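Because the structure is predicted, anything quoted here is derived from the model rather than measured. Hydrogens, waters and symmetry mates play no part in the numbers below; they use all other heavy atoms, side chains included. Indexing begins at 1, ligand by ligand and atom by atom, following the structure's order.
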Amino acid sequence: MAEAVDQGAADETKMTARAVKVHYGDKLALKGVDLDIPAGQVTALIGPSGCGKSTFLRCLNRMNDTIAGARVSGDITLDGEAVYGPAGIDPVLLRMRVGIVFQKPNPFPKTIYENVAFGPRIHALFKDKTHLDQIVETALEKAGLWHEVKDRLHELGTGLSGGQQQRLCIARAIAVNPEVILMDEPCSALDPIATAKVEELMDELHERYTLVIVTHSMQQAARVSQQTAFFHLGELIEIGPTEQIFTAPRHQLTQGYITGRFG
Ligand SMILES: Nc1ncnc2c1ncn2[C@@H]1O[C@H](COP(=O)(O)OP(=O)(O)OP(=O)(O)O)[C@@H](O)[C@H]1O
C-alpha cells in the first residue's frame, strides 16, 4: 500500500464536500455526500457500477455543469474557497486548479507538443517560446513520457500507443500546474504494462498534487491510494484509510463489495 510521503501536507484538507446532491432530471444520483479530500494523498472512489463515483468526481471541478439536465446542490470547497454559488471560483480557473483525466485517452488531434502546450497557451502561462518549451518538457517528464517522445514532439499525439496517450493526457493536465488531479478510471482502457506505468506515476504525482481517482479495480485502489471512499446507490457508505477499508471495513455493504459478494 502506498504511503503518503509528505505528512505535513497530508494533514491538510484540500477539498471538502458537504451535503452534495446531484440530480439528472428527476433522478437523484447523489444523495447528500460529505467527504474530505486530504492534500498530498490519493483518494480512491470505489463502488458498484452506477453508484455515483463519476458523478461525484465531476462535482469537484464542475464538469457536471456541461451535462444537460444535471443539477448540483450542497457545498464544495477548494482550500476553503467555495466552488459553487455566487462567490464560487470562476469555473475556467477552477478547472485549471482541478484538472481531470478521463477513462479513454483523449488527446487533441494535434502534435504531442501542442497537446501539452494547449493549456498554457489558453491561460497565457508562459513568457516566451523558450519558457513554453520548458513547460512542455517538464510536464512530459513528470508524466514519465519525455524520454519516449522527445524526438517526436511534432508528431500527432493520436499516433501514440494507448498507454502513452493516457500519459500525454496526464502531461496536458499537469502543464497548467494544477493543485488537484481527478482521474476517472484512467487505466480501464490500458493493458497491464501501461496500467502499471500509470499507477507508478500516480504514486509519484501525489507527492506534489492531490489525486482523486475513480476505479473499478480494488487491487488498484489498494495499490495506489491512502484513503478510500466506498459509494453505494448514490450514498457514501464508508471512508477511511485504504488499509482499514480493505482489511477491517466497518460497514456490511463495504465488506460485501470488497469480498466480491456484489458489484
Ligand atoms: N448524463 C447522465 N444523464 C442521466 N443519468 C446519468 C448521467 N450520468 C450518470 N447518470 C446516472 O447517475 C447514476 C450514477 O452514475 P455514475 O456514472 O456517476 O456512476 P458510477 O459509479 O461512476 O458508475 P460506473 O462505475 O458504471 O462508471 C447512474 O444511475 C447513472 O445512470
Ignoring hydrogens and angles, tell me if any N or O in the side chain of Arg62 forms a donor-acceptor pair with the backbone of Val83 under 3.5 Å. yes
Is the shortest distance from a Lys or Arg side-chain nitrogen in Asp79 or Arg97 to a carboxylate oxygen in the other one below 4.0 Å? yes
Could you name the protein residues that come within less than 4.0 Å of ligand 1, counting only heavy atoms, and order them by chain and residue number? Tyr24, Lys27, Ala29, Pro48, Ser49, Gly50, Cys51, Gly52, Lys53, Ser54, Thr55, Arg58, Ile67, Glu185, His216
So, using side-chain hydrogen bond (donor to acceptor under 3.5 Å, both in side chains) as the criterion, who are the partners of Glu114 when residues are at least two apart? Arg121
Pairing of Lys142 and Glu204 as salt bridge, 4.0 angstrom limit: no
Please confirm whether Arg172 makes a cation-pi placement over Phe108, using NZ or CZ under 6.0 Å from the six-membered ring centre and within 45° of the ring normal. yes
Check Asp191 with Lys197, please: is the shortest side-chain N to carboxylate O separation under 4.0 Å? no
